[in-house]
Amino acid sequence: MGKYLASCVQYRLVIRDVSTLQILQLYTCLDQIQHAEWSADSMFILCAMYKRGIVQVWSLEQPDWHCKIDEGSAGLVSSCWSPDGRHILNTTEFHLRITLWSLSAKSVSYIKYPKACQKGIAFTSDGRHMALAERRDCKDYISIFVCNDWRLLRHFETDTQDLTGIDWAPNGCVLAAWDTCLEYKVLLYSLDGRLLSTYSAYEWSLGIKSLTWSPSSQFLAVGSYDEKVRILNHVTWKPIKELVHPVVVSSPKTVAYREVDKSQSVEPSQLTFPPPRGTPSSLFTVHSKYELVDVPVTLRTVKPDTDRANPELGIGMLAFSPDNRYLATKNDNMPCCVWIWDIQKMRLSVVLEQTSPVRSFHWDPVQPRLAICTGNSKVYLWSPTGCVSVQVPVEGTFNVLSLAWHPLGEDSLLLTSKDHFCICYLETSEDH
């Protein structure tokens, strides 16, 4: 895992060695690639060309082998791997069906009535089961399949007006399903389809906007349009804490950082992250683009247009750190702020206020370290030791639109701009 890097340039698929960025394979597809995805074992990579209704599959071990899947007149709107890396699930236009292609058996089967929604397919982390949201006869259903032979394990109706998404707990024992944003409702099902609990925080107002499980499966964080995150526990499925995102942060236990633009240029090679032990103040010298702000601090807000659909309001992004210690959130009507909550103490630990709206953030998969990008030429990193702003060391402009950590951590980040990508290697104190 993490040995190869795939990138698409129009109709070409380029496979590189991650450590050297040397090109290993170059594949030419039939049309412009709109989606590419590795199989779980990295043996194959699929390229979907939705406009043509075609998926092409390439093998790294056997460069001469390839597979072409043509959905024909049925069309194609999405394509993904099954966890075993030997089956491809294609969703046809208008969500009429899912076509299940087996690469090993060279067979095809069909699943009818998949629902067009935010997250309609969910696999357990062990790859044994798949849950599928369905819509038939104006009602919502969920089907649970066993992935090794694709037999139907359970099929049941859900008490939802318009099922929006489904997501398994990391331990694979509980399935969360949530309703349309017009109705606040979370339903929790066991693997055998029993309804364990239903939770609704309020009525007659815009409801759920985001939802995520903690890695330990102990907590379910539900972000909503009322600018709050509710943490449900796995025993009673009731909220144990409401995390409020106020305009004025006044708690003396909260650390507030504000990004400031400084004219003094800093060479990226001079920055160390995390800082060497014994010198915690090194982050707050001229090297840093962050300033500590005394509380109470008033955060910038944007007035949302509530007359439009999907207003910029409420909790749009949620992510737990891999050790379950922290939860990072973004309140969309405070677009420049990242909130970091201490889950053990159930309180706000840190607020970061950027100069530009936050586009995305991701936790390092092996340690509590958060990477943030705002669409400019910098990457922002936070850890419990402090935070730092790093200029992307490339020629010309490189506006970071998205980022991803190496799957094994390994102190490297993949940064992408509109037309380019680069890999950012982070120095640690052990490197010196």
Side-chain angles (χ1 to χ4, degrees), residues 5 7 16 18-21 255-277 279-293 299-300 317 319 321 328 330 334-340 350-406 409-432:
L5 176 65
S7 60
R16 286 181 167 87
V18 163
S19 55
T20 64
L21 291 186
V255 180
Y257 296 100
R258 179 171 285 154
E259 183 193 2
V260 289
D261 289 325
K262 290 188 176 179
S263 57
Q264 183 167 355
S265 62
V266 179
E267 287 297 320
S269 59
Q270 295 175 333
L271 293 171
T272 61
F273 186 83
R277 286 182 183 172
T279 57
S281 61
S282 64
L283 281 175
F284 312 115
T285 62
V286 292
H287 292 178
S288 177
K289 303 283 184 172
Y290 280 108
E291 284 184 352
L292 269 173
V293 185
L299 305 173
R300 285 178 292 151
M317 292 166 63
S321 63
K330 179 193 169 194
M334 299 179 192
C336 298
C337 296
V338 177
W339 308 66
I340 299 171
V350 177
V351 175
L352 307 175
E353 188 173 33
Q354 309 295 132
T355 56
S356 305
V358 174
R359 292 187 67 96
S360 71
F361 53 68
H362 291 283
W363 289 101
D364 182 326
V366 295
Q367 59 179 299
R369 180 165 57 176
L370 187 71
I372 304 163
C373 68
T374 63
N376 58 17
S377 59
K378 301 184 188 74
V379 177
Y380 306 92
L381 297 160
W382 175 89
S383 82
T385 56
C387 57
V388 69
S389 161
V390 184
Q391 185 78 25
V392 180
V394 295
E395 293 180 9
T397 57
F398 189 100
N399 294 329
V400 185
L401 303 181
S402 64
L403 48 80
W405 288 95
H406 187 283
E410 298 200 356
D411 295 314
S412 61
L413 268 168
L414 176 68
L415 311 176
T416 55
S417 68
K418 187 167 182 269
D419 300 309
H420 300 89
F421 74 85
C422 72
I423 296 182
C424 168
Y425 297 97
L426 308 175
E427 288 184 337
T428 62
S429 53
E430 289 80 16
D431 295 332
H432 297 276

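With sequence neighbours excluded, the residues satisfying side chain to side chain donor-acceptor pair (under 3.5 Å) with R258 are E353.
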**Request:** Would you please test Q391 and S377 for side-chain contact (heavy atoms from CB on, under 4.5 Å) and show each step?
**Result:** CA-CA 6 Å; Q391 185 78 25; S377 59; 2.7 Å; yes
**Request:** List the steps, then state whether side-chain contact (heavy atoms from CB on, under 4.5 Å) holds for K330 with W339.
**Result:** CA-CA 6 Å; K330 179 193 169 194; W339 308 66; 5.7 Å; no
**Pair L352-C387, side-chain contact (heavy atoms from CB on, under 4.5 Å): steps then yes or no** = CA-CA 9 Å; L352 307 175; C387 57; 3.9 Å; yes
**Request:** Apply side-chain contact (heavy atoms from CB on, under 4.5 Å) to L403 and H362, showing your working.
**Result:** CA-CA 8 Å; L403 48 80; H362 291 283; 3.6 Å; yes
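No side-chain heavy atom of V400 sits under 4.5 Å from any side-chain heavy atom of T416. Residues H406 and V18 have side chains in contact (heavy-atom distance under 4.5 Å, counting atoms from C-beta outward). With a 4.5 Å cut-off on side-chain heavy atoms, L299 and V351 count as touching. Taking 4.5 Å as the limit, some side-chain heavy atom of V338 sits within range of a side-chain heavy atom of L370. Taking the side chain as every heavy atom from C-beta outward, I340 and W382 approach each other to under 4.5 Å. In this structure, the side chains of V260 and Y290 stay at 4.5 Å or more apart for every pair of heavy atoms. Side-chain contact between S7 and R16 is present, with at least one heavy-atom pair separated by less than 4.5 Å. Two residues are said to be in side-chain contact when any heavy atoms from C-beta on lie closer than 4.5 Å; Y257 and V293 fail this criterion.
Distance check: L415 CG to L401 CG gives 10.5 Å after rounding to the nearest 0.5 Å. Remark: R369 CZ to S383 OG distance equals 7.5 Å, nearest 0.5 Å. Once rounded to the nearest 0.5 Å, the distance linking CG of D261 with OG of S356 reads 7.5 Å. Between D364 atom CG and D411 atom CG the span is 7.0 Å, to the nearest 0.5 Å. Within the model, atoms CZ of R359 and CE of M317 stand 10.5 Å from one another, a figure rounded to the nearest 0.5 Å. A distance of 7.5 Å separates OG in S417 from CG in N399, rounded to the nearest 0.5 Å.
Inspection of the E259 and T355 side chains reveals an N or O donor paired with an N or O acceptor under 3.5 Å. Side chains of S360 and S402: no donor on one and acceptor on the other come within 3.5 Å.
The two atoms that bring Y425 and S19 nearest to each other are OH-O, 4.0 Å, heavy atoms only. Shown here for V366 and G409, the closest heavy-atom pair between the two residues is CG2-CA, 4.1 Å. Considering all non-hydrogen atoms of both residues, I423 and S412 come closest at CG2-CB, 4.1 Å.
A distance-only check finds no donor-acceptor pair linking the side chain of W363 to the backbone of P368 [under 3.5 Å].
The aromatic rings of F398 and H420 sit tilted relative to each other, their planes meeting at an angle between 30° and 60°.
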